[in-house]
Amino acid sequence: MADFSDKQKHTVLIENRETIEMTGIIDVDSFNEEEVRARSDYGNIMIKGEHLSVDTLDVTDGSLAVSGTITALVYSDISVAKSVFGRLFSGD
């Protein structure tokens, strides 16, 4: 299991699959009506759905609020993404 002791606190609250509120967000990489991609100390986060709207984004305090019809919330490991990019750019 990964050691998260030095990480920023991260919480997720999904209400009725219509809103999602998160803390511990470092940045939002991209968003549109079907997908929001964010980053936290615990990994990359992908929110999928329909008619998604970023209602609140404050990277200073790490808060993110998204509304719409939420169909999926997926985490991916940061180290996996870095190693893939590392291999791509190193020529391995």
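Worth saying up front: this structure is predicted, and the values here are computed from it rather than measured.
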Distance in Å, [X] [atom1] paired with [Y] [atom2], rounded so as to fall on 0.5 Å steps:
| X | Y | atom1 | atom2 | result |
| --- | --- | --- | --- | --- |
| Tyr42 | Ile26 | OH | CD1 | 10.0 Å |
| Leu13 | Glu21 | CG | CD | 5.5 Å |
| Glu35 | Lys48 | CD | NZ | 5.0 Å |
| Ile25 | Ser63 | CD1 | OG | 9.0 Å |
| Ile47 | Arg37 | CD1 | CZ | 11.5 Å |

Joint hydrophobic cluster, [X] plus [Y], side-chain heavy atoms closer than 4.5 Å:
| X | Y | value |
| --- | --- | --- |
| Tyr75 | Phe31 | yes |
| Leu52 | Met46 | no |
| Ile45 | Val12 | yes |
| Ile20 | Val74 | no |

Item to complete: State, yes or no, whether a side-chain contact exists between Leu64 and Thr56 at a heavy-atom distance under 4.5 Å.
Response: no
Item to complete: Report yes if some heavy atom in the side chain of Val28 is under 4.5 Å from a heavy atom in the side chain of Val36; otherwise report no.
Response: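 Val28 reaches Val36 side chain to side chain.
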Kindly say whether [Y] contributes a backbone atom to a donor-acceptor pair with the side chain of [X] at under 3.5 angstrom?
| X | Y | value |
| --- | --- | --- |
| Arg17 | Ile70 | yes |
| Asp41 | Gln8 | yes |
| Asn16 | Glu18 | no |
| Thr69 | Gly49 | no |

Practice prompt. Taking atom CD of Glu34 as the centre, report whether more than 12 heavy atoms of other residues, nucleotides or ligands fall under 6.0 Å from it.
Written response: no
Worksheet item: Closest heavy-atom contact between Ser67 and Thr19?
Response: CB-CG2, 4.1 Å
Worksheet item: Which pair of non-hydrogen atoms, one from Gly24 and one from Ser40, has the smallest distance, and what is that distance?
Response: O-CB, 3.3 Å
Discussion item. Testing the 3.5 Å rule here: is there a donor-acceptor pair between the side chains of Thr23 and Thr11?
Written reply: yes
